[in-house]
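To start, the structure itself, in structure tokens.
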Amino acid sequence: MKVLVVGSGGREHALAWAIAKSPNCKKLYCSPGNGGIANVAECVDIAAENVDAIVEFAIDEKIDFVVIGPEGPLVLGLADKLAAEGIKSFGPSAGAAMIEGSKGLMKDLCAKYDIPTAEYARFDECDAAKEYIRAHGAPIVVKADGLAAGKGVIMCRNENEAYAAIDHMMIEDQFGDAGSEVVIEEMMQGEEASYFALVDGEHALALVGAQDHKAAFDGDEGPNTGGMGAYTPAPVLDDALAARVMKEIIEPTIKGMAAEGTPYQGVLYAGLMITESGPKLIEYNCRFGDPECQPLMMRLKSDALELLLATAEGRLDKVKPKWHKDAALTVVMAAEGYPASYSKGTEIKGVDEAGLVEGVTVFHAGTKRDGDKLLAVGGRVLNVTAMAPTVAEAHKRAYEAVDKIDWPEGFCRRDIGWRAVGR
Ligand code: AMP
Ligand code: GLY
């Protein structure tokens, strides 16, 4: 098969790396890719959100299967446009991607199909939103309805913070159109975990759980990021809890989406709060987590291309993924300053040496090759990923590799996996 992966992050490097191992993958492209993806695929200089150009490329190159990594092109209808040309793809239609693209729609689906989640209300009018906050008190969570690059959630400890969050979104238009509607929610208590399932419209295939670290600095301090590290399995999600997540959350969602006329195809990423009364949904994403995908692909023993293709072809009831028993963990190396402003173009050395540590693969996120040099060109730049019998050993291996990387302008957290290591 000729396969095209869409995206340019560590997630897409991990997907391309896994797909390239399949005996059925004859030619692999990635648009636009990055400095590391170039080792496993031919990079094509088309931005992930330039969906018309991607469709044109797929037609011209007679691509058999397109794997769409990020939410942007999904929400823009890349899967629909490919389907219209008779090209198979992995990832939901624009309609189904609204499960991530609109928090309000996702919450309404939960309410209609009895899926456990935080109590909520939706508003498109500022005074009514503030009135709701006055009536419910704090702590409370204010969310921009649309996509806001992971920044549209404000956890408010008191009512004044919540009013300010409303002003921020609805009056100052800090998130543009994404914030013209808001969801206000009850703040749930518990430990967070993520769960991933493949969905082919009708059947759901459980993958595994993971945990990530969203805060920029050690001890879960500092500003929120896209994720500074992740590991799988997540000890908090034992088999019994994972079975509840499938039965109480994922399966009713799939039935509900089919009933609403937007059947879901792709990976469903459930952000969960494990509360005293059981697992509750925080949010859905319509794609793999980044960086969760990196340790997930490392632990996957089965042919990744076959699983993704079975998802697109509606055959998930006939396949069963195999996993390594080992744990896998990834440490994100980011440019100094991230998630605020950072400089681009600094040189990174030692990546090949790091990759020689037993059980380690270094996935690239924001890198670019410049002759013999490897340059940092993004916020999150490298994902040093290790597999080992336990999370604690994977943590040790990953940091052994991190220490071989010579990049003075980069930083990473030193405590990725602390919850699991401490258990
Ligand atoms: P989201 O983008 O919806 O995943 O939210 C980002 C983060 O905000 C989550 O990972 C949680 O840490 C937190 N969060 C969002 N909604 C809630 C909620 N209702 N209760 C507690 N924490 C929440
Ligand atoms: N790691 C969080 C995300 O992919 O949304």
Side-chain angles (χ1 to χ4, degrees), residues 7 9-12 14-15 69-72 74 97 99-107 110 115-122 136 138-157 162 165 169 175 178-179 182-196 209-216 220 222-232 234 236 267-277 279-297 329-332 334 339 363 365 379-380 383 385 413 416 419:
R11 169 181 50 213
E12 288 75 27
L15 288 169
E71 64 278 15
L74 289 165
I99 203 159
E100 173 166 359
S102 165
K103 293 189 191 291
L105 285 183
M106 173 239 140
K107 297 294 286 190
C110 288
I115 297 160
T117 186
E119 201 186 299
Y120 78 107
R122 298 175 71 172
H136 281 74
I140 201 157
V141 185
V142 176
K143 300 184 172 184
D145 182 78
L147 292 181
K151 299 188 180 83
V153 173
I154 304 183
M155 311 282 283
C156 307
R157 285 161 299 185
M169 291 179 192
F175 302 110
V182 299
V183 170
I184 304 179
E185 287 185 6
E186 155 208 7
M187 194 181 287
M188 298 186 285
Q189 303 295 331
E191 185 172 334
E192 278 184 58
S194 307
Y195 200 76
F196 297 87
Q211 273 178 310
D212 76 343
H213 297 264
K214 289 213 173 84
D220 291 331
N224 241 8
T225 70
M228 293 300 290
Y231 53 97
T232 166
V236 66
V267 58
L268 197 52
Y269 160 177
L272 303 167
M273 187 70 85
I274 312 302
T275 72
E276 276 177 357
S277 61
K280 288 190 179 177
L281 184 68
I282 299 175
E283 63 154 3
Y284 271 130
N285 294 306
C286 64
R287 51 173 174 86
F288 280 107
D290 187 351
E292 292 94 324
C293 185
Q294 291 78 311
L296 231 68
M297 286 301 123
L329 175 145
T330 190
V331 176
V332 172
F363 294 116
R380 292 189 294 172
N383 309 141
T385 312
R413 282 181 59 159
I416 297 305
R419 269 203 179 83

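Computed over heavy atoms, backbone and side chain alike; hydrogens, waters and symmetry mates excluded. Nothing fancy with the numbering, it's 1 onward along the sequence. Start at 1 and go down the list; that is how both ligands and their atoms are numbered.
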List the closest protein heavy-atom neighbour of [atom]: residue, atom name, distance to the nearest 0.1 Å.
atom: atom 5 (O) of ligand 1; result: V153 CG2, 3.4 Å
atom: atom 3 (C) of ligand 2; result: Y269 OH, 3.5 Å
atom: atom 16 (N) of ligand 1; result: K143 NZ, 3.0 Å
atom: atom 11 (C) of ligand 1; result: E192 OE2, 3.0 Å

Within the 4.0 Å heavy-atom cut-off, what R287 brings close to ligand 2 is side chain
For ligand 1, is any non-hydrogen atom under 4.0 Å from E185's backbone (N, CA, C, O), its side chain (CB onward), both, or neither? side chain
At under 4.0 Å between heavy atoms, which part of E283 makes contact with ligand 1: side chain, backbone, both or neither? side chain
When you measure from the side chain of R157 to the backbone of A138, do you find a donor-acceptor pair of N or O atoms at a distance under 3.5 Å? no
T275 side chain vs M273 backbone, donor-acceptor pair below 3.5 Å: no
Numbering as shown, the atoms of ligand 1 that approach [X] to under 4.0 Å (heavy-atom distance):
X: M273; value: 21 (C), 22 (N)
X: K103; value: 2 (O), 3 (O)
X: A118; value: 19 (N)
X: K214; value: 10 (O)

Heavy-atom contacts with G289 under 4.0 Å: which atoms of ligand 2 show up? List them by number with element. 4 (O)
For E191, look at atom CD and say whether over 12 heavy atoms of other residues, nucleotides or ligands are found less than 6.0 Å away. yes
Out of curiosity, D290 CG to N383 CG, how far, rounded to the nearest 0.5 Å? 6.5 Å
Would you check the N or O atoms of R11, main chain and side chain alike, for any that come under 3.5 Å of an N or O of ligand 2? no
Compute the shortest N/O to N/O distance between G226 and ligand 2 and return yes if it is under 3.5 Å, no if not. yes
Would you check whether E186 reaches within less than 4.0 Å of ligand 1, judged by its heavy atoms? yes
Would you check, one step at a time, whether the test side-chain contact (heavy atoms from CB on, under 4.5 Å) holds for K280 with I282? CA-CA 6 Å; K280 288 190 179 177; I282 299 175; over 6 Å; no
Any heavy atom of P291 sitting closer than 4.0 Å to ligand 2? yes
